2 protein chains.
Amino acid sequence: MASKVSTPGSESSSVQDYVKTIYALSEWHDEPVTSSRLAARLSVANSSVSEMIRKLAELGLVNHTPYRPVELTADGRRLALAMVRRHRLIETFLVRDLDYRWDEVHDEAELLEHTVSDTFIDRLDARLGFPSVDPHGDPIPTAAGAITLPDALPLDSFDDGHSGRVTRISDEDPQLLRFLAAEDIGIGSPVEVLGRTPFGGPLRARVGTGTGARDFSFGKELTGAIWVESVGRHAGCSLVP
Amino acid sequence: MASKVSTPGSESSSVQDYVKTIYALSEWHDEPVTSSRLAARLSVANSSVSEMIRKLAELGLVNHTPYRPVELTADGRRLALAMVRRHRLIETFLVRDLDYRWDEVHDEAELLEHTVSDTFIDRLDARLGFPSVDPHGDPIPTAAGAITLPDALPLDSFDDGHSGRVTRISDEDPQLLRFLAAEDIGIGSPVEVLGRTPFGGPLRARVGTGTGARDFSFGKELTGAIWVESVGRHAGCSLVP
DNA sequence: TCCGAAGTTTCGGCATACCGAAAATATAGC
DNA sequence: GCTATATTTTCGGTATGCCGAAACTTCGGA
Ligand SMILES: [Mn+2]
Ligand SMILES: [Mn+2]
Ligand SMILES: [Mn+2]
Ligand SMILES: [Mn+2]
């Protein structure tokens with residue numbers, strides 16, 4: 001019988017954040033999740049991560065061999081998706097009902113996700129009309145723990161000449177979000193890659209439609225944070241845990 | 001210059017809860033706030049309260065002489081009112097926007113009050129139309145820290161024959177709230193005290209208006225939890241810190 | 001194959017906030 | 001005024017989660 005980690009309850013907020021971060025590091029890329037990557041993301045010392053990983057393993061939330069990367073168990077993944085759902089529903093609520101800007105919601109959601117009850121989350125979900133993505137285009141897992149990842153790639157992995165639509169923008173850096181908002185680039189914006197400037201220079205692309213279309217140079221930070229879905233293709237893969 | 005405790009920020013949620021509870025114990029009654037009363041309210045050991053009181057004194061939030069009751073300083077009162085405001089606005093939001101029943105909101109607000117930002121609270125306040133009381137009739141302090149206490153008395157201190165309107169019901173006990181809701185007694189209900197049953201028996205009163213009026217026996221728990229404002233009198237005293 | 005740099009874990013310590021038991025104090029009744 | 005009882009504080013200890021420094025493992029290059 002599977003253990004009952006369908007709902008965050010007994011776990012401390014630290015445990016919840018570690019598990020959620022392990023998931024987040026492997027949601028879009030699939031590099032191994034190491035102690036040092038976790039430490040950097042969570043802004044804690046490596047030694048703190050080592051200790052917590054031992055605890056997570058004891059709780060059955062991760063599998064871990066010392067000195068190796070860490071991986072979520074089925075229970076860990078369930079807990080992570082429950083936290084991701086909370087985080088993204090709260091962000092959506094803050095933008096839609098409390099007039100937050102999309103660069104203001106992440107930090108507030110990072111705290112609230114640990115505090116609200118299941119009832120609160122379910123009521124919010126209903127009130128918002130069961131949204132499928134948050135304000136940054138991140139997919140929102142269902143109450144049952146299913147998530148549909150869009151078939152998107154980071155802008156820097158697009159070939160020259162290809163075009164698509166912005167599907168997701170990393171919400172980690174509020175300044176980046178504010179910059180893009182000021183430039184009128186957001187979820188749904190059409191993009192066509194024109195070419196690369198050599199020696200690590202920016203990626204040039206055509207953004208927007210009709211009269212609003214213009215050329216834009218995307219630096220390294222931006223091309224990694226902006227995810228684009230090819231025009232024509234669609235669907236994405238549905239993963240049920 | 002007064003210190004800047006206008007906003008909860010650096011204090012831990014424990015500190016916030018202790019200060020809020022000290023205020024709550026003296027808001028309606030004015031018995032001295034002792035360690036043991038605090039311990040009972042907070043469900044912690046007396047020794048824990050003693051230690052925390054020392055800390056609160058160091059933080060300048062309470063005045064305290066060992067073995068004597070504790071009293072809030074001006075800073076402590078400011079912090080307490082900020083927390084009370086948070087608690088009551090959150091309760092109002094849960095009832096009005098998320099369809100919580102009035103007996104479900106207290107526990108959720110008890111946690112959320114420590115987690116939401118000032119921005120969140122201000123947006124909520126505006127969205128709710130700057131409410132002056134919460135779902136239990138408790139007055140909501142303004143952002144500036146002013147609170148208007150209604151001119152109400154507990155039902156058990158009313159003389160026979162007097163009548164009034166229910167102004168406030170303690171939200172401590174969800175079962176009591178559910179019972180009253182089922183009996184259709186709530187904020188605003190008219191009440192006329194008919195008399196007392198001797199030897200600690202219930203207080204009999206006429207409740208409701210017109211065809212809905214009926215006699216009702218209020219036990220000890222109820223007469224202490226229900227606060228009534230005399231019909232005719234009104235106003236209440238406005239306290240600015 | 002061996003070595004060193006890079007990454008990981010262990011260890012001793014700190015801060016917060018609890019607890020029960022023991023010591024200290026206040027006060028009510030005599 | 002003195003003392004017994006109730007209340008409060010102090011004290012040693014637990015649990016969580018963080019840190020830096022030191023010890024340990026891995027792995028690529030020589
Ligand atoms: Mn978080
Ligand atoms: Mn987001
Ligand atoms: Mn609280
Ligand atoms: Mn209330």
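Being a predicted model, the structure only gives us computed values, none of them experimental.
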Asker: Partners of A/Ser50 by side-chain hydrogen bond (donor to acceptor under 3.5 Å, both in side chains), sequence neighbours excluded?
Answerer: none

Asker: Kindly state whether the ring of A/His136 and the ring of A/His106 have centres lying under 6.0 angstrom apart.
Answerer: no

Asker: Could you tell me the separation between the NE2 atom of B/His64 and the P atom of C/dT25, rounded to a whole number of Å?
Answerer: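 After rounding, the reported distance stands at 14 Å.
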
Asker: Using the side-chain hydrogen bond (donor to acceptor under 3.5 Å, both in side chains) criterion, which residues pair with A/Ser170? Sequence neighbours excluded.
Answerer: none

Asker: Please identify the 5'-most and 3'-most nucleotides of DNA chain D with any atom under 4.0 angstrom from a heavy atom of chain A.
Answerer: D/dT16 to D/dC27

Asker: Would you be so kind as to tabulate the donor-acceptor pairs closer than 3.5 Å made by side chains of residues 20-32 of chain B, with sequence neighbours excluded?
Answerer:
| unit_1 | atom_1 | unit_2 | atom_2 | d |
| --- | --- | --- | --- | --- |
| B/Lys20 | NZ | B/Glu110 | OE1 | 3.1 |
| B/Lys20 | NZ | B/Glu110 | OE2 | 2.8 |
| B/Lys20 | NZ | B/Glu113 | OE1 | 3.1 |
| B/Lys20 | NZ | B/Glu113 | OE2 | 3.0 |
| B/Thr21 | OG1 | B/Asp17 | O | 2.7 |
| B/Tyr23 | OH | B/Glu27 | OE2 | 3.3 |
| B/Ser26 | OG | B/Ile22 | O | 3.1 |
| B/Ser26 | OG | B/Tyr23 | O | 3.2 |
| B/Glu27 | OE1 | B/Arg88 | NH2 | 3.0 |
| B/Glu27 | OE2 | B/Arg88 | NH1 | 3.4 |

Asker: Mind listing the residues from residues 35-43 of chain B sitting with a heavy atom below 4.0 Å of DNA chain D? Number order is fine.
Answerer: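 Here the set is B/Ser35, B/Ser36.
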
Asker: Any residue in residues 14-32 of chain B with a heavy atom nearer than 4.0 angstrom to DNA chain C? Just list them by number, or reply none.
Answerer: B/Ser14, B/Tyr18

Asker: Applying salt bridge (charged side-chain N to carboxylate O under 4.0 Å, His left out), which residue pairs with at least one partner in residues 44-54 of chain B are found, sequence neighbours left out?
Answerer: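 Salt bridge (charged side-chain N to carboxylate O under 4.0 Å, His left out) check on residues 44-54 of chain B returns no pairs.
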
Asker: Check the interface with nucleotides 10-12 of chain C: list each N/O to N/O pair with the protein under 3.5 Å, or write none.
Answerer:
| unit_1 | atom_1 | unit_2 | atom_2 | d |
| --- | --- | --- | --- | --- |
| C/dC11 | N4 | A/Glu51 | OE2 | 2.9 |

Asker: Partners of A/Glu108 by salt bridge (Lys or Arg N to Asp or Glu O under 4.0 Å), sequence neighbours excluded?
Answerer: none

Asker: Between B/Asp122 and B/Arg85, does at least one N-O distance fall below 4.0 Å, as a salt bridge requires?
Answerer: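 Yes, charged N to carboxylate O under 4.0 Å.
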
Asker: Taking CG from B/Leu56 and C1' from C/dA17, how many angstroms apart are they, rounded to a whole number?
Answerer: 12 Å

Asker: Excluding sequence neighbours, so at least two apart, what forms ring pair (Phe, Tyr, Trp, His ring centres under 6.0 Å) with B/Phe93?
Answerer: A/Phe93

Asker: Go through the structure and list residues passing side-chain hydrogen bond (donor to acceptor under 3.5 Å, both in side chains) with A/Asp160, not counting sequence neighbours.
Answerer: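 Only A/Arg196 meet the side-chain hydrogen bond (donor to acceptor under 3.5 Å, both in side chains) criterion with A/Asp160.
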
Asker: Are B/Arg127 and B/Asp97 within salt-bridge range, i.e. N to O under 4.0 Å?
Answerer: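 Counted as a salt bridge, because a side-chain N and a carboxylate O are separated by less than 4.0 Å.
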
Asker: For A/Thr167, what residues pass the side-chain hydrogen bond (donor to acceptor under 3.5 Å, both in side chains) criterion, not counting sequence neighbours?
Answerer: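 For A/Thr167, the residues satisfying side-chain hydrogen bond (donor to acceptor under 3.5 Å, both in side chains) (neighbours in sequence not counted) are A/Glu229.
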
